[in-house]
Chemist: 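First, the structure itself, so that you have it in front of you.
The analysis underlying the following values was restricted to heavy atoms, covering all of them including side chains, and did not include hydrogens, waters or symmetry mates. When a ligand or atom number is given, it counts from 1 through the structure's own listing order.
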Amino acid sequence: MISDPRLQAGTLYIVATPIGNLADLTERAKQVLTSVDVIACEDTRHTQKLLQHLGLRKPLLSVHEHNERERVEQVTSHLQSGQTMALVSDAGTPLISDPGYPLVAALRERGVSITPVPGVSAIITALSAAGLPTDRFTFEGFLPHKSGGKREKLDALTQEPRTMVFYESKHRILDTLECMAQAFGAERQACVARELTKTFETFYHGTLPDILARISADEDQQKGEFVVMITGNTNPAPSSEVDTDKLFRLLLAELPPKKAAAVISDLTGENKKELYQKALEIQGKA
Ligand code: SAM
């Protein structure tokens, strides 16, 4: 039952929790966690520790990658009976590389009331102190674990003009930095933020090969949690979009219109008949 008049009956509160420093839990987050009837969480043992720190005992409901869809009915019926609930993840903001998206999407579709209780997220924490452009950025989350998928994803990002932000764990940080140095080259400026808000918080600034060399040289620096940020491509390669008019002029000097249209259709995927018409028009003008 609702013990705090500031909470709305039947509402799910999405509550951000600290990423290392418990003092980063907001007053409002404390109020909500204190007052809700049930807390849905990623790992009950992990959340139990946070609640102990706050001197709270609450019914917990585990919601993780493998049971999230099944939990929708349960959460809906808690909320429809007028209870209040909070959703937390192990650290930071739920749904940001953490469980919660399928649940929130399903509840939104059902018209359930959902309210965010904002707080820490590693992405914004890292960007705020990195010194890389923050006017536009793209959050890439975790890269694929397998090396083929990882390289493919990085290759697809080499022309990205915005600052890119990645999450990485201690198990893959060196391999990921090595793949990034290969994909983005030796010039691109980057920043790696390690153990944010914790005792051994460290920022590495410089080119990717330089950062890789510094972290590789110190085993202690390979431990913990990492956010990797890379500046966007400020000098992107010219667009590979085909200039069909120019191509027609070149091809029509050597080929009949039908053949030229067929070649350009193969190249661009454009309709052969329409290209043929265009070829005749260009030829007529010549
Ligand atoms: N929901 C979280 C958020 O809002 O940032 C992210 C959870 S995700 C499972 C965990 C990843 O976030 C870590 O592998 C790391 O990349 C990043 N991360 C979380 N806490 C961090 C910290 N204190 N320092 C650096 N990176 C951190």
Chemist: Looking at ligand 1, does Thr197 have a heavy atom less than 4.0 Å from it?
Modeler: no
Chemist: Could you tell me if the side chain of Arg188 sits less than 4.5 Å from the side chain of Met164, heavy atoms only?
Modeler: yes
Chemist: Looking at ligand 1, would Phe166 count as a contact under a 4.0 Å heavy-atom criterion?
Modeler: no
Chemist: Does an N or O anywhere in Ala193 fall below 3.5 Å from an N or O of ligand 1?
Modeler: no
Chemist: Under a plain distance cut-off of 3.5 Å, with no hydrogens placed, do Arg151 and Gln182 share a side-chain donor-acceptor pair?
Modeler: yes
Chemist: With heavy atoms of Lys198 as the reference, note each atom of ligand 1 found under 4.0 Å away.
Modeler: 23 (N)
Chemist: Which residue owns the protein heavy atom closest to atom 2 (C) of ligand 1, what's the atom, and how far is it?
Modeler: Ala91 O, 3.2 Å
Chemist: Among all protein heavy atoms, pick out the one at the shortest distance from atom 16 (O) of ligand 1; state its residue, atom name and that distance to 0.1 Å.
Modeler: Phe226 O, 2.6 Å
Chemist: Would you say Ala122 and ligand 1 have an N/O pair spaced under 3.5 Å apart?
Modeler: yes
Chemist: Tell me which donor-acceptor pairs under 3.5 Å the side chains of residues 95-104 have, and how far apart each pair is, sequence neighbours excluded?
Modeler:
from	atom 1	to	atom 2	distance (Å)
Asp98	OD2	Ser89	OG	2.8

Chemist: Side chains of Thr84 and Gln8: closer than 4.5 Å at any heavy-atom pair?
Modeler: no
Chemist: Between Gln83 and Leu79, is there a donor-acceptor pair closer than 3.5 Å when you use the side chain of the first and the backbone of the second?
Modeler: no
Chemist: Side-chain polar contacts of residues 130-143 - donor-acceptor pairs under 3.5 angstrom, sequence neighbours left out - could you list them?
Modeler:
from	atom 1	to	atom 2	distance (Å)
Thr138	OG1	Glu140	OE2	2.6
Glu140	OE1	Lys153	NZ	3.2

Chemist: Please report which non-hydrogen protein atom sits nearest to atom 8 (S) of ligand 1, along with the residue it belongs to and the distance in Å to one decimal place.
Modeler: Ser97 O, 3.5 Å
Chemist: To which protein heavy atom is atom 26 (N) of ligand 1 closest, and what is the distance rounded to 0.1 Å?
Modeler: Val227 CG2, 3.5 Å
Chemist: Gly20 near ligand 1, heavy-atom distance under 4.0 Å?
Modeler: no
Chemist: For the side chain of Glu270 and the backbone of Ile264, is there at least one donor-acceptor N/O pair under 3.5 Å apart?
Modeler: no
Chemist: With only distance considered, is Arg194 within less than 3.5 Å of ligand 1 through an N or O on each side?
Modeler: no
Chemist: When you measure from atom 24 (N) of ligand 1 to every protein heavy atom, which one gives the shortest distance, and what is it?
Modeler: Leu196 N, 2.8 Å
Chemist: If you measure every N/O of Pro94 against every N/O of ligand 1, is any gap under 3.5 Å?
Modeler: no
Chemist: Among protein heavy atoms, which lies nearest atom 25 (C) of ligand 1, and at what distance?
Modeler: Glu225 O, 3.2 Å
Chemist: Identify, by atom number and element, the atoms of ligand 1 in contact range of Thr93, meaning under 4.0 Å from any of its heavy atoms.
Modeler: 1 (N), 3 (C), 4 (O)
Chemist: Could you tell me whether the side chain of Leu12 reaches within less than 4.5 Å of the side chain of Ser113, counting heavy atoms only?
Modeler: no
Chemist: Is the closest side-chain heavy-atom distance between Ile14 and Ile114 below 4.5 Å?
Modeler: yes
Chemist: Any idea which protein heavy atom is nearest atom 7 (C) of ligand 1, and the distance to it?
Modeler: Asp98 OD2, 3.4 Å
Chemist: Looking at Gln74, I'd like to know if its CD atom is crowded, meaning that more than 12 non-hydrogen atoms belonging to other residues, nucleotides or ligands lie closer than 6.0 Å.
Modeler: yes
Chemist: Which residue supplies the protein heavy atom nearest to atom 10 (C) of ligand 1, what is that atom called, and how far is it?
Modeler: Phe142 CZ, 3.9 Å
Chemist: State whether a side-chain donor-acceptor pair under 3.5 Å links Gln221 with Arg194.
Modeler: yes
